[in-house]
Participant: 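I have a structure I would like to understand better, so I am pasting it below and will then ask my questions one at a time.
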Amino acid sequence: MRKNIVAGNWKMNTTVPEGVALAKEVNEALANYTPKCDVVICVPFTHLCPVCGVIDQAKLGLGAENCADHKSGAYTGEVSAPMVQSTGATYVILGHSERRQYYGETSETLRAKVALALEYGLTPIFCIGEVLEEREKGIQEDVVRDQIVNALFQLDAEQFGKIILAYEPVWAIGTGKTATADQAEEMHAFIRRTIADRYGEKVAQDCSILYGGSCKPSNAAELFAKPDVDGGLIGGASLKCADFMGIVKAFD
Ligand code: 13P
(Lines give C-alpha, C1' and ligand atoms only; values in the text may rest on other atoms or scores of the structure.)
Protein backbone atom coordinates (compact mmCIF):
# COMPACT_ATOMS: atom_id res chain seq x y z
CA MET A 1 0.00 0.00 0.00
CA ARG A 2 1.20 3.53 -0.68
CA LYS A 3 3.07 5.64 1.82
CA ASN A 4 2.09 8.97 3.30
CA ILE A 5 4.92 11.44 2.87
CA VAL A 6 5.63 15.01 3.93
CA ALA A 7 8.58 16.46 2.02
CA GLY A 8 10.12 19.91 2.41
CA ASN A 9 11.40 21.82 -0.61
CA TRP A 10 13.73 24.47 0.73
CA LYS A 11 14.17 26.02 -2.75
CA MET A 12 16.98 28.63 -2.84
CA ASN A 13 16.87 29.46 0.85
CA THR A 14 19.32 29.30 3.77
CA THR A 15 23.10 29.46 3.83
CA VAL A 16 24.92 26.24 4.65
CA PRO A 17 25.18 26.98 8.42
CA GLU A 18 21.52 28.03 8.53
CA GLY A 19 20.48 24.92 6.62
CA VAL A 20 22.49 22.59 8.84
CA ALA A 21 20.89 24.21 11.91
CA LEU A 22 17.40 23.75 10.44
CA ALA A 23 18.09 20.13 9.48
CA LYS A 24 19.37 19.42 13.02
CA GLU A 25 16.23 20.97 14.49
CA VAL A 26 13.94 18.81 12.32
CA ASN A 27 16.07 15.75 13.07
CA GLU A 28 15.78 16.41 16.81
CA ALA A 29 12.04 16.94 16.56
CA LEU A 30 11.80 13.49 14.99
CA ALA A 31 14.14 11.78 17.45
CA ASN A 32 11.52 11.24 20.15
CA TYR A 33 8.41 11.11 18.04
CA THR A 34 7.24 8.56 15.52
CA PRO A 35 5.43 10.28 12.66
CA LYS A 36 2.60 8.55 10.81
CA CYS A 37 4.26 9.43 7.52
CA ASP A 38 7.70 9.44 5.92
CA VAL A 39 9.46 12.78 6.34
CA VAL A 40 11.93 14.12 3.77
CA ILE A 41 13.83 17.38 3.30
CA CYS A 42 15.02 18.46 -0.14
CA VAL A 43 17.81 20.98 0.11
CA PRO A 44 20.19 22.96 -2.14
CA PHE A 45 23.10 20.98 -3.63
CA THR A 46 25.62 22.81 -1.43
CA HIS A 47 23.78 21.57 1.68
CA LEU A 48 23.53 17.87 0.83
CA CYS A 49 26.86 16.68 2.30
CA PRO A 50 26.80 18.66 5.53
CA VAL A 51 23.10 17.94 6.14
CA CYS A 52 23.67 14.26 5.48
CA GLY A 53 26.19 14.31 8.33
CA VAL A 54 23.74 15.63 10.93
CA ILE A 55 20.51 13.71 10.28
CA ASP A 56 19.37 10.15 10.91
CA GLN A 57 18.15 9.07 7.50
CA ALA A 58 16.19 6.21 9.04
CA LYS A 59 13.85 8.95 10.30
CA LEU A 60 14.45 11.88 7.98
CA GLY A 61 15.03 11.34 4.26
CA LEU A 62 17.28 13.66 2.27
CA GLY A 63 16.87 14.82 -1.30
CA ALA A 64 18.16 17.27 -3.89
CA GLU A 65 15.91 19.77 -5.68
CA ASN A 66 17.08 18.90 -9.19
CA CYS A 67 19.68 16.93 -11.10
CA ALA A 68 21.21 17.19 -14.55
CA ASP A 69 19.99 15.48 -17.70
CA HIS A 70 23.49 14.08 -18.32
CA LYS A 71 25.65 11.72 -16.30
CA SER A 72 28.92 13.68 -16.49
CA GLY A 73 30.96 15.83 -18.84
CA ALA A 74 31.29 19.40 -20.06
CA TYR A 75 28.12 20.85 -18.52
CA THR A 76 29.46 23.72 -16.43
CA GLY A 77 27.44 24.39 -13.31
CA GLU A 78 25.32 21.25 -13.48
CA VAL A 79 25.06 18.55 -10.81
CA SER A 80 24.42 14.98 -11.91
CA ALA A 81 22.38 12.13 -10.42
CA PRO A 82 25.53 10.12 -9.51
CA MET A 83 26.91 13.23 -7.75
CA VAL A 84 23.69 13.59 -5.75
CA GLN A 85 23.76 9.89 -4.92
CA SER A 86 27.37 10.15 -3.73
CA THR A 87 26.34 12.70 -1.06
CA GLY A 88 24.10 10.14 0.61
CA ALA A 89 20.83 11.71 -0.55
CA THR A 90 18.16 9.32 -1.80
CA TYR A 91 15.45 11.59 -3.24
CA VAL A 92 15.39 14.21 -5.98
CA ILE A 93 12.66 16.68 -6.92
CA LEU A 94 12.24 16.78 -10.71
CA GLY A 95 10.09 18.97 -12.92
CA HIS A 96 9.24 21.59 -10.34
CA SER A 97 7.19 24.36 -11.97
CA GLU A 98 9.93 26.88 -11.12
CA ARG A 99 12.42 24.77 -13.12
CA ARG A 100 9.95 24.50 -15.99
CA GLN A 101 9.14 28.21 -15.91
CA TYR A 102 12.54 29.84 -15.27
CA TYR A 103 15.00 27.26 -16.60
CA GLY A 104 13.16 25.94 -19.63
CA GLU A 105 12.74 22.35 -18.49
CA THR A 106 10.71 20.31 -20.92
CA SER A 107 9.27 16.81 -20.85
CA GLU A 108 12.19 15.75 -23.03
CA THR A 109 14.87 16.89 -20.55
CA LEU A 110 12.77 15.51 -17.72
CA ARG A 111 12.67 12.05 -19.31
CA ALA A 112 16.47 12.04 -19.26
CA LYS A 113 16.58 13.29 -15.66
CA VAL A 114 14.08 10.69 -14.47
CA ALA A 115 16.03 7.89 -16.21
CA LEU A 116 19.31 8.99 -14.58
CA ALA A 117 17.73 9.44 -11.15
CA LEU A 118 16.34 5.90 -11.30
CA GLU A 119 19.61 4.49 -12.65
CA TYR A 120 21.41 5.92 -9.60
CA GLY A 121 18.84 4.74 -7.09
CA LEU A 122 17.31 8.14 -6.36
CA THR A 123 13.56 8.38 -5.79
CA PRO A 124 12.14 11.12 -8.01
CA ILE A 125 9.52 13.42 -6.53
CA PHE A 126 8.04 14.42 -9.87
CA CYS A 127 6.05 17.66 -9.97
CA ILE A 128 3.08 18.41 -12.20
CA GLY A 129 0.48 21.15 -12.19
CA GLU A 130 -1.34 23.74 -14.25
CA VAL A 131 -0.98 27.53 -14.31
CA LEU A 132 -3.89 29.81 -13.41
CA GLU A 133 -4.79 30.56 -17.02
CA GLU A 134 -5.12 26.84 -17.74
CA ARG A 135 -7.40 26.31 -14.73
CA GLU A 136 -9.52 29.29 -15.76
CA LYS A 137 -9.94 27.70 -19.19
CA GLY A 138 -10.89 24.41 -17.53
CA ILE A 139 -8.07 22.47 -19.20
CA GLN A 140 -6.14 21.58 -16.03
CA GLU A 141 -6.71 17.84 -16.39
CA ASP A 142 -5.43 17.82 -19.98
CA VAL A 143 -2.33 19.77 -18.93
CA VAL A 144 -1.52 17.47 -16.03
CA ARG A 145 -2.20 14.32 -18.05
CA ASP A 146 0.15 15.56 -20.80
CA GLN A 147 2.88 16.31 -18.26
CA ILE A 148 2.63 12.78 -16.88
CA VAL A 149 2.30 11.02 -20.24
CA ASN A 150 5.13 12.94 -21.91
CA ALA A 151 7.70 12.63 -19.13
CA LEU A 152 6.83 9.36 -17.37
CA PHE A 153 4.79 6.94 -19.43
CA GLN A 154 7.85 5.62 -21.28
CA LEU A 155 8.77 3.94 -17.96
CA ASP A 156 7.88 0.32 -17.37
CA ALA A 157 5.61 -0.52 -14.43
CA GLU A 158 8.51 -1.41 -12.12
CA GLN A 159 10.24 1.90 -12.81
CA PHE A 160 7.01 3.88 -12.51
CA GLY A 161 6.44 2.23 -9.14
CA LYS A 162 9.49 4.10 -7.81
CA ILE A 163 8.11 7.57 -8.63
CA ILE A 164 6.44 9.87 -6.12
CA LEU A 165 4.16 12.43 -7.76
CA ALA A 166 3.52 15.94 -6.46
CA TYR A 167 0.53 17.85 -7.78
CA GLU A 168 1.37 21.53 -7.41
CA PRO A 169 -1.09 23.91 -9.03
CA VAL A 170 1.20 26.79 -9.98
CA TRP A 171 -1.37 29.38 -8.89
CA ALA A 172 -1.16 28.00 -5.34
CA ILE A 173 2.65 28.04 -5.00
CA GLY A 174 3.91 30.74 -2.66
CA THR A 175 0.70 32.71 -3.11
CA GLY A 176 -1.05 31.82 0.12
CA LYS A 177 -3.93 30.63 -2.08
CA THR A 178 -4.24 26.90 -1.39
CA ALA A 179 -6.31 24.64 -3.58
CA THR A 180 -9.35 23.57 -1.62
CA ALA A 181 -9.25 20.02 -0.33
CA ASP A 182 -11.97 19.17 -2.87
CA GLN A 183 -10.00 20.68 -5.77
CA ALA A 184 -6.91 18.73 -4.70
CA GLU A 185 -8.85 15.48 -4.32
CA GLU A 186 -10.50 15.90 -7.72
CA MET A 187 -7.13 16.25 -9.44
CA HIS A 188 -5.41 13.53 -7.40
CA ALA A 189 -8.20 11.08 -8.23
CA PHE A 190 -7.86 12.03 -11.91
CA ILE A 191 -4.09 11.44 -11.74
CA ARG A 192 -4.63 8.04 -10.14
CA ARG A 193 -7.13 7.07 -12.86
CA THR A 194 -4.63 8.18 -15.50
CA ILE A 195 -1.99 5.93 -13.93
CA ALA A 196 -4.46 3.04 -13.67
CA ASP A 197 -5.31 3.33 -17.37
CA ARG A 198 -1.63 2.95 -18.28
CA TYR A 199 -0.21 0.63 -15.58
CA GLY A 200 -3.25 -0.98 -13.97
CA GLU A 201 -5.05 -0.52 -10.68
CA LYS A 202 -2.35 -1.90 -8.37
CA VAL A 203 0.40 0.46 -9.58
CA ALA A 204 -2.06 3.36 -9.34
CA GLN A 205 -3.12 2.44 -5.79
CA ASP A 206 0.52 2.09 -4.69
CA CYS A 207 1.62 5.51 -6.04
CA SER A 208 2.00 8.30 -3.46
CA ILE A 209 0.57 11.55 -4.79
CA LEU A 210 1.51 14.62 -2.73
CA TYR A 211 -0.15 18.02 -2.80
CA GLY A 212 1.96 21.19 -2.92
CA GLY A 213 1.06 24.87 -2.86
CA SER A 214 0.65 27.03 0.26
CA CYS A 215 0.28 23.96 2.46
CA LYS A 216 0.53 24.93 6.12
CA PRO A 217 -0.26 23.51 9.58
CA SER A 218 -3.73 25.10 9.46
CA ASN A 219 -4.84 23.43 6.21
CA ALA A 220 -2.74 20.23 6.05
CA ALA A 221 -5.10 17.97 8.01
CA GLU A 222 -8.06 18.77 5.76
CA LEU A 223 -6.01 18.18 2.60
CA PHE A 224 -4.41 14.96 3.89
CA ALA A 225 -7.80 13.58 4.97
CA LYS A 226 -8.77 13.23 1.32
CA PRO A 227 -8.45 9.64 0.09
CA ASP A 228 -6.15 10.39 -2.84
CA VAL A 229 -3.96 13.00 -1.13
CA ASP A 230 -1.01 11.11 0.34
CA GLY A 231 0.89 14.00 1.87
CA GLY A 232 2.50 17.25 0.87
CA LEU A 233 5.44 18.92 -0.81
CA ILE A 234 6.04 21.95 1.35
CA GLY A 235 7.85 25.13 0.32
CA GLY A 236 7.72 28.15 2.63
CA ALA A 237 6.42 26.29 5.67
CA SER A 238 9.32 23.81 5.51
CA LEU A 239 11.76 26.59 6.43
CA LYS A 240 10.46 26.77 10.01
CA CYS A 241 10.81 23.59 12.02
CA ALA A 242 7.63 24.21 14.03
CA ASP A 243 5.53 24.79 10.91
CA PHE A 244 7.01 21.80 9.08
CA MET A 245 6.44 19.54 12.08
CA GLY A 246 2.91 20.94 12.41
CA ILE A 247 2.27 19.65 8.88
CA VAL A 248 3.89 16.28 9.64
CA LYS A 249 1.61 16.00 12.70
CA ALA A 250 -1.46 16.55 10.52
CA PHE A 251 -1.26 12.76 9.98
CA ASP A 252 -1.58 12.01 13.74
P1 13P B 1 4.81 26.86 -1.03
O2 13P B 1 4.50 25.83 0.04
O3 13P B 1 5.77 27.91 -0.54
O4 13P B 1 3.58 27.41 -1.67
O5 13P B 1 5.63 26.09 -2.18
C6 13P B 1 5.15 24.88 -2.67
C7 13P B 1 6.18 24.27 -3.52
O8 13P B 1 6.49 24.78 -4.58
C9 13P B 1 6.83 23.06 -3.04
O10 13P B 1 7.59 22.46 -4.03
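First listed ligand is number 1; within each ligand, the first listed atom is number 1.
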Participant: Would you say CD of E141 has more than 12 non-hydrogen atoms from neighbouring residues, nucleotides or ligands within 6.0 angstrom?
Facilitator: yes

Participant: Heavy atoms only, cut-off 4.0 Å: how does N9 contact ligand 1, side chain, backbone, both, or neither?
Facilitator: side chain

Participant: Would you say K11 touches ligand 1, if touching means a heavy atom closer than 4.0 Å?
Facilitator: yes

Participant: Could you tell me which atoms of ligand 1, counted from 1 in the order shown, lie closer than 4.0 angstrom to a heavy atom of G213?
Facilitator: 4 (O), 6 (C)

Participant: Does any N or O atom in G212 lie less than 3.5 angstrom from one in ligand 1, N or O only?
Facilitator: no

Participant: Taking NZ, NE, NH1 and NH2 as the nitrogens, is one of them in K226 or D182 under 4.0 Å from a carboxylate oxygen of the other?
Facilitator: yes

Participant: Between CZ of F224 and NZ of K36, what distance do you get to the nearest 0.5 Å?
Facilitator: 14.5 Å

Participant: For the residue pair Y199 and F160, categorise the inter-ring angle as parallel (less than 30°), tilted (30 to 60°) or perpendicular (more than 60°).
Facilitator: parallel

Participant: Under 3.5 Å between any N/O of S214 and any N/O of ligand 1: does that happen in this structure?
Facilitator: yes

Participant: For atom 4 (O) of ligand 1, which candidate among S238, G174, G176 provides the closest heavy atom?
Facilitator: G174

Participant: For A237, which part has a heavy atom under 4.0 Å from ligand 1: side chain, backbone, both, or neither?
Facilitator: neither

Participant: Of all the atoms in ligand 1, which lie at a distance below 4.0 Å from a heavy atom belonging to G236?
Facilitator: 1 (P), 2 (O), 3 (O)

Participant: How far is atom 2 (O) of ligand 1 from its nearest protein heavy atom, and which residue and atom is that?
Facilitator: G235 N, 2.9 Å

Participant: Would you say A172 touches ligand 1, if touching means a heavy atom closer than 4.0 Å?
Facilitator: yes

Participant: Do we see a donor-acceptor contact under 3.5 Å between the side chains of D252 and Y33?
Facilitator: yes

Participant: CE of M83 to CD of E78: how many Å apart, nearest 0.5 Å?
Facilitator: 9.5 Å

Participant: So, are R145 and D197 salt-bridged, with charged N and O less than 4.0 Å apart?
Facilitator: no

Participant: If you round to the nearest 0.5 Å, how far is OG of S208 from CD1 of I125?
Facilitator: 10.0 Å

Participant: With atoms numbered from 1 as shown, which atoms in ligand 1 lie under 4.0 angstrom from a non-hydrogen atom of E168?
Facilitator: 6 (C), 7 (C), 8 (O), 9 (C), 10 (O)

